[in-house]
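Take a look at the structure set out below.
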Amino acid sequence: MASELVCFEPRCRERFAITEAIYNCRKCGGLLEAAYTNAIDPVALKRIWRERRMSNAAIDQSGVWRYRELIPFLDSEARIVTLREGNTPLLPAPKAAGYGGLERLVFKHQGFNPTGSFKDNGMTCGVAQALRLGMKRVACVSTGNTSASMAAYSSAAGLDPIIFIPNGNISYGKLAQALEYGARTLQVEANFDQILALVRVLADRLGIYLLNSINPFRIEGQKTIVIEMMDQRDWNPPDWIVLPGGNLGNTAAFGKALRELREHGFIDRIPRLAVIQAAGSAPFYDLVRRPDGSALVPVGHPETLATAIKIGDPVSWPKALHEVTSSGGVVEKVTEQEIADAKAVIGLCGIGCEPASAATLAGIRKLTAAGVIDRGADVVAVLTGNVLKDPDYIYRYHTGQLEMPDGAAIRATFGNAPTVVPNDAEKIAALLG
Ligand code: F0G
């Protein structure tokens with residue numbers, strides 16, 4: 001068989017047909033990943049993938065399906081629904097580099113995606129698999145971006161999207177997207193981790209296909225973030241790839257992509273992964289620091305204004321732990337103040353991002369100060385979401401009104417409050433000098 005689902009647990013490695021609608025190993029409960037046996041010729045593919053950038057075919061224009069030889073789980077390309085996801089830029093940011101203690105820094109900005117986050121890379125794959133399995137209804141629990149993306153892709157594909165979100169805990173930009181893209185939206189009185197457990201039960205009972213990042217096909221799509229990054233860098237790996245960690249699907253996807261790229265001979269070494277968590281939602285940070293480091297201890301009441309990564313019990317931690325460890329990577333955590341200030345600095349570069357994404361720069365600043373990342377290192381940080389996802393946070397920060405639920409205030413270190421002026425040319429001219 002050319003493609004299969006394989007249990008990720010080293011002691012199990014049970015195999016399942018690629019067409020099974022399952023999310024965990026039936027034998028041991030472990031996470032699943034897609035595995036392939038197709039022949040790969042890196043020299044030919046590097047050329048073919050470049051040529052596809054000139055093509056007008058939809059699947060060639062997709063920054064995910066352009067790399068379809070490395071995600072060959074489908075039996076037919078007819079299943080593919082693309083909104084031209086991926087194709088996100090590498091943006092040099094000298095000001096952010098200086099703030100982060102680096103000589104240079106490049107952002108790969110996944111906020112340029114059709115629904116404004118990296119979730120689109122994975123969702124086009126998850127939805128293609130849902131169609132292939134003949135599913136009608138799809139569901140996810142989300143801190144906002146997965147739901148926005150799932151709503152868009154499943155509506156575009158003619159599927160019926162059902163979204164479960166923690167009531168009052170996602171940004172309006174994201175909630176608005178889910179409503180606009182036509183998803184049935186359920187706001188549950190519980191946190192992300194509790195709702196995920198609930199949705200898993202409901203998905204089984206009601207025959208609904210689950211499109212959270214526990215779905216292995218989402219992970220396949222998110223691999224292309226790294227594949228495209230290497231393509232854009234002419235296959236020269238950076239020293240570090242820095243990304244925020246929430247449910248840890250992206251960490252799993254990046255690690256798998258890098259392993260496969262090296263196995264097939266596209267790159268000759270694997271960059272180190274640096275995963276950054278918000279201090280109030282940092283179970284993965286705690287895990288790698290515990291001496292016995294064997295199992296993740298969930299954070300019961302995760303807290304952070306970066307609501308995208310407000311997750312206490314990340315599903316993909318076993319995969320993420322493997323990928324971080326085998327890349328010689330690190331896990332860091334940053335405070336709310338550090339995230340807010342780093343975000344403002346990314347804004348001052350003319351780039352901008354949502355709060356969770358800014359954890360990357362805050363983490364870099366900390367890791368260079370500690371001597372973990374060298375000043376001269378070649379670093380790519382992944383900005384996971386668009387600046388417009390959470391305008392409320394931005395307005396509050398710049399006007400000195402951003403605070404934690406317990407009332408602790410965030411300083412507007414780089415605050416830029418608007419000024420109200422009279423409709424009077426003289427007075428405005430005086431003000432502007
Ligand atoms: N950054 C953003 C903007 C996100 O939306 C998420 C996750 C992450 C980082 C963390 O990525 O979970 O792969 O470690 N958002 C999910 C959601 C959980 O429901 O939209 P991760």
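As the structure lists them, so they are numbered: ligands from 1, and atoms in each ligand from 1. Everything numeric in this text was worked out from a predicted model, so none of it was measured.
More than 12 heavy atoms of other residues, nucleotides or ligands shown are found within 6.0 angstrom of CZ on Arg13. For CZ of Arg411, the number of neighbouring non-hydrogen atoms (other residues, nucleotides, ligands) closer than 6.0 Å is 12 at most.
With a 4.5 Å cut-off on side-chain heavy atoms, Arg272 and Asp239 do not count as touching.
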For residues 357-368, dump all side-chain donor-acceptor pairs below 3.5 Å to protein atoms at least two apart in sequence or in another chain.
{"unit_1": "Ser357", "atom_1": "OG", "unit_2": "Thr384", "atom_2": "N", "d": "3.0"}
{"unit_1": "Ser357", "atom_1": "OG", "unit_2": "Thr384", "atom_2": "OG1", "d": "2.8"}
{"unit_1": "Ser357", "atom_1": "OG", "unit_2": "Gly385", "atom_2": "N", "d": "2.9"}
{"unit_1": "Thr360", "atom_1": "OG1", "unit_2": "Ser357", "atom_2": "O", "d": "2.6"}
{"unit_1": "Arg365", "atom_1": "NH1", "unit_2": "Tyr99", "atom_2": "O", "d": "3.0"}
{"unit_1": "Lys366", "atom_1": "NZ", "unit_2": "Lys333", "atom_2": "O", "d": "2.8"}
{"unit_1": "Thr368", "atom_1": "OG1", "unit_2": "Gly100", "atom_2": "O", "d": "2.7"}
{"unit_1": "Thr368", "atom_1": "OG1", "unit_2": "Ile364", "atom_2": "O", "d": "3.1"}
{"unit_1": "Thr368", "atom_1": "OG1", "unit_2": "Arg365", "atom_2": "O", "d": "3.1"}

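Protein residues with a heavy atom under 4.0 Å from ligand 1 are Phe118, Lys119, Ser142, Thr143, Gly144, Asn145, Thr146, Pro244, Gly245, Gly246, Asn247, Leu248, Gly249, Asn250, Ala308, Ile309, Ile311, Glu354, Ala356, Thr384.
Applying the salt bridge (charged side-chain N to carboxylate O under 4.0 Å, His left out) rule to pairs touching residues 165-193 yields Lys174-Glu354, sequence neighbours excluded.
In terms of the ring-ring contact (aromatic ring centres under 6.0 Å, His included) criterion, Tyr285 has no residue partners (sequence neighbours excluded).
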